[in-house]
Enquirer: 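Just passing along the structure, written as structure tokens.
FYI, side chains are in, hydrogens and waters are out, and symmetry mates aren't considered; it's all heavy atoms of this structure. Every chain is numbered from 1 and lettered A, B, ... according to where its sequence line falls, protein lines coming before strand lines.
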Amino acid sequence: MGSLRRTHSCNDLGTGNVGEEVVLMGWVLRRRDHGGVIFIDLRDRHGLTQIVFNPAIEEEVHAKAHQLRSEWVLAVRGKVVLRPGDMANPKLATGAIEILASELRILNTSETPPFPLDEEVEVSDTLRLQYRYLDLRRPEMAANLIIRHKAVQAVRTYLHDHGFLEIETPMLTRSTPEGARDYLVPSRVNAGKFYALPQSPQLFKQLLMIAGMERYYQIVKCFRDEDLRADRQPEFTQIDMELSFVDEEQIIKVTEGMITSLFRETRDLDVAPPFKRITYDQAIARFGTDRPDMRFGFEIVDLTGIASGCGFKVFRDIADAGGIVRAINANNCAGFSRKDLDDLTEFAVQFGAKGLAWVKMKAAGEWQSPIAKFFSEEERAEITRTLGATEGDLLFFGADKPAVVCQVLGELRAELARRLDLLKKDNFNFVWVTDFPLMEYDEKEKRFQALHHPFTAPRDEDIDSLEKDPASVYSRAYDLVLNGTEIGGGSIRIHRKDVQLKVLKALSIGEEEARDKFGFLLRALELGAPPHGGIAFGLDRLMMIITGSSSIRDVIAFPKTQKATCPLTEAPASVSRKQLTELYLRPDWKEKE
RNA sequence: GGGGUCGUAGUUCAGUUGGUUAGAAUGCCGGCCUGUCACGCCGGAUGUCGCCGGUUCGAGCCCGGUCGGCCCCGCCA
């Protein structure tokens, strides 16, 4: 840089700076060489400033500017001048002025970038990730990282102001049963033993409460070795919190405040707490999912009572055999084509539906439908009335086991909303989902599984039911859902050893296994554990929604591909035999030639 | 583990029924150009059609396999 030192960013000069001599540093975004005068759009993290090289002012500097190319790194000294005549560019924050260059220092040259940084061309994900450092130079990507920083700052400030301590917990910890697949780290000093990377700091934050820290938080990486999705990465970040001597209401209140502060600092929006609430049972009944998107209607309506005894054998048999029949009314969708309906049927089938019955509402309550003929006039009228259907509506039916019907209709209403463009990105619709069941029966494993995790407290009045009727026990858990995405979840925890053992027993984890896997927690519960509870938010998903991104990758600096690889570093990679030997690992697969 | 979709110039894409020398835009290189802002004009260079195999007189195109990207199901307490 020689003696040059940056005086301003490329976004902060305006008419008020005219006449000042400044030094800017940044990258060449575009070059417009007129043979005589040369214009350079200089870009840094903050914005763009136009630099002018005029041969009549500094001939030598102008000659040097002639060789500039995309993404060369420059230091430019010059005078801020008003753009002449009507040459101001209203599209630029700095468009009223330009820098008349008197000195140009080329800090580095660059090869032609593998993809353009100055256009809105969709570049393939592999290439973007392989050259992520170039991808992140693009203003939209930089903006995402900047807004993520603001979010994290807002959270830290808010939690500090509310008495929380930021405390780190180990990354090398032990594998615990249940939950997602662990990432394992072999121990060199302990032959044949493994650490696991944390799926969350759950047990440590509870131990910090037992340690008397009272209010803890951490913005922390978590690891789950499961398949990836547009909103799922194997390593992701949680805003993790835990509080002592509180109930659900206090946790909800403090986190609503945190989310409010976060939206104010990032988007300057008031999300207006308190947020809506819905019970788990209501969410499933009305929306078919425990993370309802309530930005639109199409609510699910139960028809099992009508179906039982109706003329349509398929519905009747399912209703009489303990299944359910439910439907949604897609208002004003009777114009859907045969192909639309075929596509939606195919969509429903992938969630386990055996088909998708539909009815197009014609004038005077008349049905146009392949199944119309199976119903009596009275039955049709009753269904029409129950669904509030009028001319131009389109009805969809689900008839199957409850879980299948709920999922199919839940996904279907979301798909309808996508097709009808009802999902406005700037409409932030929060809802707390409460009163979850503590556990549900796993048909494959033939045992109960915790819906949240095994440390979630059951409701006091349900503790006695743990042994005889585990399925009827409700928990003290709560999830925060934003636009159909679960962005946070937590619970009041168990702080009594006898209750913890009962819950573990109901989950078919006997005392011996419990002692082996969570002995340290059980012991801690014997030594003055205070009542406590907490919550964790998925920062990446939250940022995805706040920035309107379609993938979690767009709010993570160095994300992984769907096969969990990193095209930039080419991780994961092979290691030497020596490294494996040191770790007491002996691969039994054949090395590829 | 399963379903879908994509892979052609540096980039984004087109490529007909299998038929001569694989195109467009943009970028890149050179020239001209003193007020552009996606500058303009003239000229030029640029291909492992992801990879392997098959069918065929002939394959970017058809078939089989494989690798990779993305989306989804399962999975994600």
Enquirer: Mind calculating the distance between CG (A:D442) and P (B:rC76) to the nearest angstrom?
Expert: 9 Å
Enquirer: Could you run through nucleotides 25-32 of chain B and give me one letter per nucleotide, 5' to 3': B if any protein heavy atom sits under 4.0 Å from the base, S if only the sugar-phosphate is that close, - if neither?
Expert: -S-SSS--
Enquirer: Mind checking the C1' distance from B:rA22 to B:rC63? Whole angstroms is fine.
Expert: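 About 23 Å, rounded to a whole number of Å.
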Enquirer: Any base atoms under 4.0 Å from A:P84, or only sugar-phosphate, or nothing? Heavy atoms, all strands.
Expert: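 Here A:P84 touches the bases of the nucleic acid.
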Enquirer: Please figure out whether A:S550 or A:P454 has its closest RNA chain B nucleotide nearer the 5' end.
Expert: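 That would be A:S550.
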Enquirer: Should B:rG40 form a Watson-Crick or G-U wobble pair with both distances under 3.5 Å, which nucleotide is its partner?
Expert: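 When the pairing criteria are applied, B:rC32 turns out to be the nucleotide that pairs with B:rG40.
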Enquirer: Determine the Euclidean distance between corresponding C1' atoms of B:rG23 and B:rA9; express it in Å to zero decimal places.
Expert: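 That atom pair is separated by 10 Å.
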Enquirer: Would you say the side chain of A:Q562 and the base of B:rG68 hold a donor-acceptor pair, judged only by whether the two atoms sit under 3.5 Å apart?
Expert: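 Side chain to base: no pair below 3.5 Å.
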Enquirer: Does any donor-acceptor pair link the side chain of A:R232 with the base of B:rC76 at a separation under 3.5 Å?
Expert: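 Under the 3.5 Å cut-off, the side chain and the base do form a donor-acceptor pair.
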Enquirer: Could you tell me how far B:rA45 sits from B:rC29 if I compare only their P atoms? Round to whole Å.
Expert: 16 Å
Enquirer: Across the strands shown, which category fits A:L451 at heavy-atom distances under 4.0 angstrom: base, sugar-phosphate, nothing?
Expert: sugar-phosphate
Enquirer: Among A:P113, A:P567, A:P114, which one satisfies side-chain contact (heavy atoms from CB on, under 4.5 Å) with A:Y131?
Expert: A:P114
Enquirer: Please tell me which of the listed nucleotides, B:rC70, B:rC76, B:rG35, lies nearest to the side chain of A:E226?
Expert: B:rC76
Enquirer: Establish, with yes or no, whether the OP1 or OP2 oxygen of B:rC39 is under 4.0 angstrom from a side-chain nitrogen or oxygen of A:R30.
Expert: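 The answer is yes; a side-chain N or O of A:R30 sits under 4.0 Å from OP1 or OP2.
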Enquirer: Heavy atoms only, 4.0 Å cut-off, all strands: where does A:L48 land among base, sugar-phosphate and nothing?
Expert: nothing
Enquirer: In Å and rounded to the nearest 0.5 Å, what is the CG to CG distance from A:L466 to A:L501?
Expert: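 The distance works out to 11.5 Å.
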Enquirer: Expressed in angstrom and rounded to an integer, what is the separation of A:L100 atom CG from B:rG35 atom C1'?
Expert: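 After rounding, the reported distance stands at 12 Å.
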Enquirer: Tell me which nucleotide among B:rC73, B:rG69, B:rG35 gets nearest to the side chain of A:Q407.
Expert: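 Nearest nucleotide to the side chain: B:rC73.
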Enquirer: When the C1' atoms of B:rU8 and B:rC13 are considered, how many whole Å apart are they?
Expert: 9 Å
Enquirer: Taking side-chain contact (heavy atoms from CB on, under 4.5 Å) as the test, write out the residues that go with A:R515, two or more places apart.
Expert: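 In terms of side-chain contact (heavy atoms from CB on, under 4.5 Å), with neighbours along the sequence ignored, A:R515 is linked to A:K497, A:E511.
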Enquirer: For A:E411 and B:rC72, what is the distance between atoms CD and P respectively, to the nearest whole Å?
Expert: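 About 10 Å, once rounded to whole Å.
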Enquirer: Find out whether A:E248 and A:W432 are in side-chain contact, i.e. whether some heavy atom of one side chain is under 4.5 Å from a heavy atom of the other.
Expert: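 No. Closest side-chain heavy atoms not under 4.5 Å.
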Enquirer: Under a 3.5 Å limit for both distances, which nucleotide forms a Watson-Crick or G-U wobble pair with B:rU26, could you say?
Expert: B:rG10
Enquirer: Between A:K91 and B:rA38, does any side-chain N or O lie under 4.0 Å from OP1 or OP2?
Expert: yes
Enquirer: Mind checking if A:D227 touches a base, just sugar-phosphate, or nothing, with heavy atoms under 4.0 Å?
Expert: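 Touches a base.
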Enquirer: Any side-chain heavy atom of A:E411 within less than 4.5 Å of one from A:Q407?
Expert: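 They are in contact (side-chain heavy atoms under 4.5 Å apart), so the answer is yes.
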Enquirer: Tell me: CG of A:L117 to P of B:rG10, nearest whole Å?
Expert: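 Answer to the nearest Å: 17 Å.
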Enquirer: Select one nucleotide: of B:rC72, B:rC76, B:rG10, the one nearest the side-chain heavy atoms of A:P114.
Expert: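 Side chain of A:P114 sits closest to B:rG10.
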Enquirer: Taking the P atom in each of B:rU11 and B:rC28, what is the distance between them to the nearest angstrom?
Expert: 14 Å
Enquirer: Without hydrogens or angle criteria, can the side chains of A:S465 and A:D462 be said to hold a donor-acceptor pair below 3.5 Å?
Expert: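 Result is no, nothing qualifies.
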Enquirer: By the 4.0 Å heavy-atom rule, please label A:E98 as base, sugar-phosphate, or nothing.
Expert: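 Touches a base.
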Enquirer: Separation of A:E415 atom CD from B:rC73 atom C1', in whole Å?
Expert: 14 Å
Enquirer: Whether the side chain of A:R229 and the base of B:rG74 hold a donor-acceptor pair under 3.5 Å is what I'd like checked.
Expert: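 A donor-acceptor contact between them is present.
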Enquirer: Please work out if A:T565 contacts a base, only the sugar-phosphate, or nothing of the nucleic acid, heavy-atom cut-off 4.0 Å.
Expert: sugar-phosphate
Enquirer: Between B:rC39 and B:rG15, how many Å separate the two C1' atoms, rounded to a whole number?
Expert: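 One C1' to the other, the span is 32 Å.
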Enquirer: Given that A:G95 and A:E346 both sit by RNA chain B, which one's nearest nucleotide is further toward the 5' end?
Expert: A:E346
Enquirer: Identify whether any heavy atom of A:R553 sits under 4.0 Å from a base atom; if not, whether one sits that close to sugar-phosphate; answer base, sugar-phosphate or nothing.
Expert: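 Since only primed, P, OP1 and OP2 atoms lie under 4.0 Å of A:R553, the category is sugar-phosphate.
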Enquirer: Which one is paired to B:rU56, where only Watson-Crick or G-U wobble pairs with both distances under 3.5 angstrom count?
Expert: none
Enquirer: Rounded to the Å, how far apart are A:R128 CZ and B:rC70 P?
Expert: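 After rounding, the reported distance stands at 11 Å.
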Enquirer: Base, sugar-phosphate, or nothing for A:N54, non-hydrogen atoms under 4.0 angstrom?
Expert: base
Enquirer: If you compare every side-chain N and O of A:K560 against the phosphate oxygens of B:rG69 (OP1, OP2), does one of them come in below 4.0 Å?
Expert: no
Enquirer: Check the distance between B:rG68's C1' and A:L127's CG and give it to me in whole angstrom.
Expert: 13 Å
Enquirer: Name the nucleic acid region contacted by A:Q50, choosing base, sugar-phosphate or nothing; use a 4.0 angstrom heavy-atom cut-off, strictly under.
Expert: base
Enquirer: OP1 or OP2 of B:rU36 less than 4.0 angstrom from a side-chain nitrogen or oxygen of A:R32, does that happen here?
Expert: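 Answer no for this pair, as no side-chain N or O of A:R32 is under 4.0 Å from OP1 or OP2.
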Enquirer: Check the angle between the aromatic planes of A:Y280 and A:F436 and answer parallel, tilted or perpendicular using the 30° and 60° thresholds.
Expert: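 Tilted, since the angle between the ring planes falls between 30° and 60°.
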Enquirer: Would you mind telling me which of B:rU34, B:rC75, B:rC37 lies closest to the side-chain atoms of A:K444?
Expert: B:rC75
Enquirer: I'd like the C1' distance from B:rG7 over to B:rC76, given in whole Å.
Expert: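 Taking atom C1' in both B:rC76 and B:rG7, they lie 29 Å apart.
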Enquirer: What interatomic distance, in whole Å, is found between C1' of B:rG68 and the corresponding atom of B:rC52?
Expert: 15 Å
Enquirer: Which one, B:rC71, B:rG69, B:rC76, comes nearest to the side chain of A:S551?
Expert: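 My answer, after comparing the listed nucleotides, is B:rC71.
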Enquirer: Measure CZ/A:F347 against P/B:rG3 and give the value in whole Å, please.
Expert: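 Roughly 19 Å, once rounded to whole Å.
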Enquirer: Tell me which nucleotide among B:rG35, B:rU11, B:rC76 gets nearest to the side chain of A:R83.
Expert: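 Comparing B:rG35, B:rU11, B:rC76 against the side chain of A:R83, the answer is B:rG35.
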Enquirer: Side chains of A:R138 and A:R128, heavy atoms from C-beta outward: is any pair under 4.5 Å?
Expert: yes
Enquirer: Show me the donor-acceptor pairs, under 3.5 Å and distance only, between side chains in residues 343-350 of chain A and residues at least two apart or in other chains.
Expert:
from, atom 1, to, atom 2, distance (Å)
A:D343, OD2, A:K339, NZ, 3.0
A:T345, OG1, A:L341, O, 2.7

Enquirer: With rounding to the nearest 0.5 angstrom, report the CG to CG distance, A:N144 to A:L136.
Expert: 9.5 Å
Enquirer: Please evaluate residues A:E235 and A:K221 with respect to the criterion salt bridge (charged side-chain N to carboxylate O under 4.0 Å, His left out), reporting the C-alpha separation (whole Å), side-chain torsions for both, the decisive distance (0.1 Å), and the verdict.
Expert: CA-CA 6 Å; A:E235 55 177 307; A:K221 274 287 178 72; 3.0 Å; yes
